[in-house]
Amino acid sequence: KKKAKEGVPLNLGLQEGVTPGSSLSEKLDFMESNGVYGLEVGGGKLTARVTEIQKGLQNRKVKISAICAGFKGWLISSDENERKKCIDSSKEILVAAGALGSYGMILVPGFNGQQPSLPFVEARAILIDQLKELGEFAVSNKTSIILEPLNRREAWFLRQVADAAAICRDVDSPGVTCMGDFWHMTWEETDDMGAFISGQKYLNHVHIASRKTRNTPGEDEGDNYTTGFKALKMINYQHFVSFECGTKGDKKIVIPAALKLL
Ligand code: MG
């Protein structure tokens, strides 16, 4: 227990849209003055932003934590064109993610609204084949795919960290990893600790928000992350816990309060 306490850093991060500031530079100033060093940016049109972001991060302590989605199509589509669209657009984002030194890019295999999708048994098999290809491509770009389980209102296909980790195990590529999002976990997991432990070596990223309304951690009554963070210590988690949330109050007040809480 003592060893874990000494060895596991608490690396907090913010999504770009969550961070107050009217420019990238102002956002980075806010982050550094609050001791937050992981910036998560969107994957949409990321290629065109690589130089801007690289320049912005020069002489900064802030690093890119993860790239949030931005891909087109979906991997469990019954339409081969949509699957190919997802592979091609994900590869483009992976190249940018690698250039930015990101741990990975977040990918959702299929949202409920993306139809027609394959029946789940067939979908899982095809997903694994495609992830082998994407995983290899990610490794060659020194980054990874990060599978994100969502809640059932958004994506029935992948809802729990353990299931995402089992897909990673079956793909068996260092370029395919998973994450947990406390907001989705609120609705889908029986236990935060169990969920993160089941993610174990595959866990590459974490999203956090308040638990009832998806605002800043601590803004909802009863917000509690204790067992989840205990599990992150247990599995020696070294990557970022990134805010993906709205805010009820003034960002410049509620975000520092949330950082202090965590
Ligand atoms: Mg999320």
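In listed order, ligands and their atoms are each counted from 1.
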- Item | Among the N, O or S atoms of Asp181, the one nearest the Mg ion (ligand 1) | OD2
- Message: With carbon and hydrogen excluded and only N/O/S kept, which atom of Glu244 is nearest the Mg ion (ligand 1)?
- Response: OE1
- Query: Centroid-to-centroid, Phe243 to Phe182, below 6.0 Å?
  - Reply: no
- Message: Taking the ring centre of each residue, are Phe157 and Phe120 less than 6.0 Å apart?
- Response: yes
- With the Mg ion (ligand 1) as the reference point, give the N/O/S atom of His207 that is nearest. ND1
- Query: What N/O/S atom of Glu148 is the closest to the Mg ion (ligand 1)?
  - Reply: OE2
- Message: A quick test of your reading: do over 12 heavy atoms of other residues, nucleotides or ligands sit less than 6.0 Å from NZ of Lys252?
- Response: no
- Message: Quick check: do Asp163 and Arg159 have side-chain heavy atoms less than 4.5 Å from each other?
- Response: no
